[in-house]
Amino acid sequence: MNLELLKGGLSILGIDLESSRLDKIAAYTDAIEKWNPAYGLVGANGDELVIKHILDSLAPLRLIDDCARECLKTRLGPESTTDGISLADLGTGAGLPGIPLAIAREEYSVSLIDRMTRRINFLRTMKAQLPLPNAEVIEDQVERTHGCYDLITFRAFKPFERKLFRRVFALCSRDGFVIAYKGRRDRVEAELPEIEGLYSEIAIHRVQVPYLDEERCVAILRPLVKS
């Protein structure tokens, strides 16, 4: 893995990770490349893997941290820290963005949720080998997943779908946030009517992924709390 590319990208994002965490990201990236031919985890390798998957996963980290603080401020007061935040990464695939987030934020409890057994095998291997003590691996479909999470992430380059989002919001705590990694802002705005009435607030933030010319944004939504 191109460690200098990773370090440069993290520096641009203002993310400072000690060497032990950088080593975990490097080992994780190398493992994706090793497993990819047989498991088809991602459609990239080399520098493209670092940029489009690792840096892309970490690009909205400050926004995610803001959501975590807001979630706990509502629940525990303004002096609360982000310790104990629960985050579910739905349809995590190779562990993106869940594993990079779990490495960068060890105080978060991260659930990596996917329905495909071959991906689950990879995720369980990563949990053990890296290791990732703050992560759990759950083999299940989103529609059948149970639990309540402060933050829910997923990389959604496909259009929003109402039936699925009903379940996504059902998994989110009343003080929590759903954070969808998306592409172009105008496409996100065009998809919102499909899930109208399921959320109480939304903010769309453009995210600049280092070394990537393609447009990225995150849609941050709060569930509609019914009285």
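On a predicted model such as this, the values are computed, not experimentally measured, just so you know. What's counted below: heavy atoms across the whole structure, side chains too, no hydrogens, waters or symmetry copies.
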Hydrophobic cluster membership, with links at side-chain heavy-atom distances under 4.5 Å among I/L/V/M/F/W/Y: are [X] and [Y] in one?
| X | Y | answer |
| --- | --- | --- |
| L192 | I220 | no |
| V218 | L164 | no |
| M126 | V50 | yes |
| V110 | Y181 | yes |
| I152 | V137 | no |

So, the side chain of [X] versus the backbone of [Y]: is there a donor-acceptor pair under 3.5 Å, distance only?
| X | Y | value |
| --- | --- | --- |
| K127 | A135 | yes |
| R222 | F177 | no |
| E161 | K163 | yes |
| E33 | G46 | yes |
| R185 | I204 | yes |

Holding to side chain to side chain donor-acceptor pair (under 3.5 Å), I want the full list of residues that pass it with N2, two or more places apart in sequence or in another chain. D47
State whether a side-chain donor-acceptor pair under 3.5 Å links H53 with R155. yes
Return the minimal non-hydrogen interatomic distance between [X] and [Y], and the atom names on each side.
| X | Y | answer |
| --- | --- | --- |
| R62 | L13 | NE-O, 3.9 Å |
| A128 | P131 | O-CB, 3.6 Å |
| Y39 | R118 | O-NE, 2.9 Å |
| I138 | Y149 | CD1-OH, 3.9 Å |
| T145 | L171 | O-CD2, 3.4 Å |
| A203 | H205 | CB-NE2, 3.5 Å |

Once you round to the nearest 0.5 Å, how far does [atom1] of [X] lie from [atom2] of [Y]?
| X | Y | atom1 | atom2 | result |
| --- | --- | --- | --- | --- |
| I54 | L10 | CD1 | CG | 10.0 Å |
| D16 | R21 | CG | CZ | 10.0 Å |
| S173 | D150 | OG | CG | 4.5 Å |
| E48 | L5 | CD | CG | 11.5 Å |
| S19 | K7 | OG | NZ | 8.5 Å |
| D175 | L72 | CG | CG | 9.0 Å |

Quick one, [X] and [Y] - any side-chain contact, counting heavy atoms below 4.5 Å?
| X | Y | value |
| --- | --- | --- |
| D23 | Y28 | no |
| L198 | L224 | no |
| C217 | V188 | yes |
| I12 | Q208 | no |
| I64 | I179 | yes |
| L221 | F169 | yes |

Could you give me the CA-CA distance, side-chain angles and deciding distance for L63 and V207, then say whether side chain to side chain contact (heavy atoms under 4.5 Å, CB included) is met? CA-CA 10 Å; L63 293 169; V207 174; 4.2 Å; yes
Checking side chain to side chain contact (heavy atoms under 4.5 Å, CB included) for the pair S109/N134: CA distance, chi angles, key distance, verdict? CA-CA 5 Å; S109 297; N134 61 323; 5.6 Å; no
Should the pair [X]-[Y] be classified as a salt bridge under the 4.0 Å nitrogen-to-oxygen rule?
| X | Y | answer |
| --- | --- | --- |
| D66 | R69 | yes |
| R216 | E214 | yes |
| R187 | E191 | no |
| R119 | E139 | no |

Counting only heavy atoms from other residues, nucleotides and ligands, does the tally under 6.0 Å from [atom1] of [X] exceed 12?
| X | atom1 | answer |
| --- | --- | --- |
| E196 | CD | no |
| R115 | CZ | no |
| R124 | CZ | yes |

Given side chain to side chain contact (heavy atoms under 4.5 Å, CB included), test D114 with I120 step by step and report yes or no. CA-CA 7 Å; D114 201 88; I120 291 295; 4.1 Å; yes
Would K182 count as a cation-pi partner of F160, with NZ or CZ less than 6.0 Å from the six-membered ring centre and within 45° of the ring normal? yes
Anything under 3.5 Å between a donor and an acceptor, one on a side chain of residues 87-103, the other on a protein residue two or more places apart or in another chain? List them.
residue	atom	partner	partner atom	Å
D89	OD1	T153	OG1	3.0
D89	OD2	T92	OG1	2.6
D89	OD2	G98	N	2.8
T92	OG1	L96	N	3.4

Aromatic rings F154 and F165: how do their planes relate, parallel, tilted or perpendicular, breaks at 30° and 60°? perpendicular
Full working for side chain to side chain contact (heavy atoms under 4.5 Å, CB included) between I25 and L6: CA-CA 9 Å; I25 292 176; L6 174 64; 3.6 Å; yes
